[in-house]
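First comes the structure, then the notes that go with it.
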Amino acid sequence: MATADRDALPLLKGTLDLLILKTLSWGPMHGYAIATWLEQRSDGTLGIDDSALYQALQRMEGRGLLAAEWGTTENNRQARYYKLTAAGRQRLKSEAETWLRYTKSVTSILSIASR
Amino acid sequence: MRYRRLFDLSLGSNARVDAEMDREIEAHIAMRAADLEREGLSADDALAEARRRFGNFDDARARLHTAARQREASMRQRDRVGSLIADIRYALRQARRAPAFTALAIATLALGMGATTTMFTLVDNILLRPLPFPHAERLVMLYGADSAKTRIEMVSSADWLDWRHAQSLESSALFSFPFRQGIIVGDSAIRVTSETVSGEFFKVLSPRFVAGRGFTDEEVQGGEPVVVIGERLWRNSYGADPKLAQPLRTSERPFRIVGVVADGAEFPAQTDLWMPTAITLRMDRARINVNWQLVARLASGVSASTAAAELSTIARGILANDPSGVYDHGVSVAPLAESIVGPVSLYLTLLMGVVLCVMLIVCANVAASSLARASVRSREMAVRTSLGAGRSRLVQQLLIEHVMLGVLGGVIGLFVAWISLRGIMSLWGDQIPRATEVRMNVSVFVFALAVSLLAGALAGTIPALRLTRVSLRAVLSAGGRTSASGGRNLAGASLVSLEIALAVLLLTGAALLIRSFRSVIGRDIGFDTNVATAEVMLSGPPYARDSLRRFAYWESLIDEFQRIPGVQAAGVANWIPLGVTGQGFVDVDGRAAVGGTAVYRAVSPGFFGALDLRLVGGRLFDKSDGPGTQRVVVINRTMAEKFWPGESPIGKLVRARSMEGTNSPWLTVIGVVGDVRGYGLESEVVPEMYVFYRQAAGWRTTVMTALVRGSGRASNLLVEMKRRARAVDPRLAVDVGTLELRLRHRLAQRTLTMSLLSGFAGIALILATLGIYGVLSYAVAQRTRELAVRAALGARPPQLLGLVVIAGLRVVVVGLAFGVTAAFWLMRMLESLLVGVSPLDPVSFVGAIVVLFAVSLAAIIVPALRATRLDPMIALQAE
């Protein structure tokens, strides 16, 4: 685990929010579930600080992109579940499009073979 | 659940948010540790690793607390906005559900807001906004003050030459009374309002120029023929040429136009033409020609009182060296704005107070009719309470309903104000100072918004507090018919009492002004006002330097006018009643020490006949009086009584010091005529003296006004007079009019104030009546059951009637008592506006009380009669 941390890519600004939105598009999750989900999908390449994750969750809830409610996990533990609001869903759609267009053009430039 | 946060503002809320965050972190660490343990770590290592993932745990926790608090604050904010939007939607639905109530409330609010906004626009533009000159607060008028401490508005040029070097003045300039100057545009002569000013005039004021610049003192001292004109004249007669290529021509000579003053920045108001004159000591060494006004700019940081003190010292120094000096009590300094706005500020302040009263009545009225709807809404409130709405939530919603009414009323009120301002400006614009500057600007909109919000909140407070204080059980079990307490009736009653009190106040004020107006109108002005006037200025060759040519002109003009069919008398005077009038100092033979002032008029013999002045004693001018004979004077009765009390003034000697100086010849009094109110009906009679104009060549009069009295209406003569004046000398421009018109103009401000105040009082009366009617109808509806029981038990209709009427009258009498008490204190403020009526005039007070009482009674009778016609069976079954 420690090695994974050292190799982790630093997150670009705004990326975390987009990843959280995408994660929650599968359904309501608590904070730890979001963290593990992201760790698994990125094979540990994305370095996400736990405290940064919760900061982002608070910020996005404050902006009305997420709504939160206390619920019970399958292990019968109390946890705060986050879900997308209509505004959050909207945001995910527009941000994802922007992100894909952006990365596509950057990728296409970077992959031009140099002579 | 959504609105929980709205009222959860307890101090513990931060602690609660922090605790919630901690629980979340705890859960996270526990879950992570459990997973790590499953991967093979010991329990302790797993927990340590889970915490380590948070970085510096304490720091992270503190940061997360902050984040959570911020989240909470912004969510609370959004909830508030969200509930506001929900409430506004709900209020709109409510408004649609009760269209009659809504329409009436919005209409009364619009009326009130319209009146309030109109008056505020006038007050803001005329009284509050600085004059359109840079650093206008430093601009002042300087007046002489004499021993009686009365202000003498005019100063002599010599005085100014001494005062102008005072340290406290940055600059100062003389300007004349406005006069009509003939100028030649193309082939025709027109007359424009003109001012003679000293060279520094535009340096003092620095108004905005739309073209060119002001003339400078150097140009004026050098005798250059330069003038400045106003934007209106420039557009109408000079094609708005920015190069100012065309000269301004008078019958004397051409002048170079160096600048054009922007519309609205002209001073004095309505001036078209400023002609400079170089002031020298030679003009008036003796300081007797007090025919200038003096405007000055105070040096930066100098107060008016400092300037007055310095100038008074200078003035007393002048008096010490020259006993003929006039200002033995120095100089008084008044802000220029005050002299421009003048008495209008009093009228405007009064009317502003009046519209605020009307606005209060409007609020009370809306509140009262809201309360009257309580029977409908108490059920709704009870249902919402039972569904879990808190009281503060309901209060908020009711307040929003009323504020919305207020804002809608305010928006319509802006249109009302716009229309009424246009009306006022087109009808009375020429009577209102700074009228051209009046605009509905940003501050008006801000004011209107603030007042609508406030009015809505005011109107909503009592209904909101009352309607939400309902007993759930009482309302629901009674089917929403009977509502809870007598307390609501008390609220309605106090509102109606308030309305009545304010209405009494306004009615009393209106009655006082109307009675004062009638007393002014009823006064004897002392002369016939059905008289046509024709003012002519004789300047340029051949008249300018030749008094004989001027006399010849006046003689032939009078002859021509007398030959108009139907004309009974015609004469000329340099200063006519109701026109610009010269007042000056007189010496009375043998009593030279007795100072006094009198109105001077140089007149022809026909003057007395034209005005139909009665001869009281002695004789008028006749054929025996001429340029070479003994100089004679006719005086009015007031002058005779003032200077020769108890004896005949005939044969006594008097002289006009201000016109011809201390060496002027003595004039023999030959006759006494009846008094005239030369300054209009509102002013008192002052001493007047009439000299034969042909004997007053030393007055160098160039402007005269002919007065013509015919058999029909004076206005019918004007066209013919203009034609005949052209026949005498076609190059001269003539201003015609009637004395009646001038009289009406003099009364315009009073008429306007009286009409507006009466209109507002009428509105107040109607609103108060509606309020009484509404509240009483509601009270009767509430007492239906009680009244039906009484009827069933044998009460006769008259008894029932009495019951309801007495309940209503109690409210009315309380209102009347408060209103009369307030009027008793406040009417003193009207004192300076009242002529011939005491501010505590019993007729006005009793009249207002009687009118309100009668109207209230009418409003009470209708619901009361309805109560007596109740069929007990039906009424009781309805329950």
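Residue numbering restarts at 1 for every chain, and letters A, B, ... go by the order of the sequence lines. Heavy-atom basis, side chains included; hydrogens, waters and symmetry copies ignored.
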Task: Among the listed options B:Ala73, B:Ala68, B:Ala27, the residue most often paired with chain A at heavy-atom distances under 4.5 Å - done: B:Ala68

Open item on the list: Quick one, A:Gln58 and B:Gln70 - any side-chain contact, counting heavy atoms below 4.5 Å?
Closed with: no

TODO: Could you please spell out the steps behind the side chain to side chain donor-acceptor pair (under 3.5 Å) verdict for A:Trp70 and B:Glu24?
DONE: CA-CA 9 Å; A:Trp70 285 92; B:Glu24 199 175 354; over 6 Å; no

Task: B:Asp35 and A:Tyr32, any side-chain heavy atoms less than 4.5 Å apart - done: yes

Task: Approximate separation, where rounding is to 0.5 Å, of A:Arg77 CZ and B:Glu26 CD - done: 10.0 Å

- [ ] Please flag which part of B:Glu20 lies under 4.5 Å from any non-hydrogen atom of chain A: side chain, backbone, both or neither.
- [x] both

Open item on the list: Quick one, B:Arg63 and A:Tyr54 - any side-chain contact, counting heavy atoms below 4.5 Å?
Closed with: no

Open item on the list: Quick check on A:Arg59 against chain B: is it the side chain, the backbone, both or neither that has a heavy atom closer than 4.5 Å?
Closed with: neither

Task: Flag side-chain contact, heavy atom, 4.5 Å: A:Leu57 against B:Arg71 - done: no

Open item on the list: For B:Arg32 and A:Asp50: C-alpha separation, side-chain torsions, deciding distance, then whether salt bridge (charged side-chain N to carboxylate O under 4.0 Å, His left out) applies.
Closed with: CA-CA 11 Å; B:Arg32 166 97 60 204; A:Asp50 283 347; 3.1 Å; yes

Open item on the list: Around atom CZ of A:Arg91, are there more than 12 heavy atoms from other residues, nucleotides or ligands closer than 6.0 Å?
Closed with: no

Task: Heavy-atom closest contact (A:Gly62 atom, B:Met75 atom, distance) - done: CA-CG, 4.1 Å

Task: Under 4.5 Å from any heavy atom of chain A - which part of B:Arg23 - done: both

Task: Interchain contact, A:Ala35 with chain B, by part (heavy-atom threshold 4.5 Å) - done: side chain

- [ ] To the nearest 0.5 Å, tell me how far A:His30 NE2 sits from B:Met31 CE.
- [x] 4.0 Å

Task: B:His28 versus A:Gly31, closest heavy-atom pair with distance - done: ND1-C, 4.2 Å

TODO: Tell me, yes or no, whether the heavy-atom count around B:Phe415 atom CZ, taken from other residues, nucleotides or ligands under 6.0 Å, exceeds 12.
DONE: no

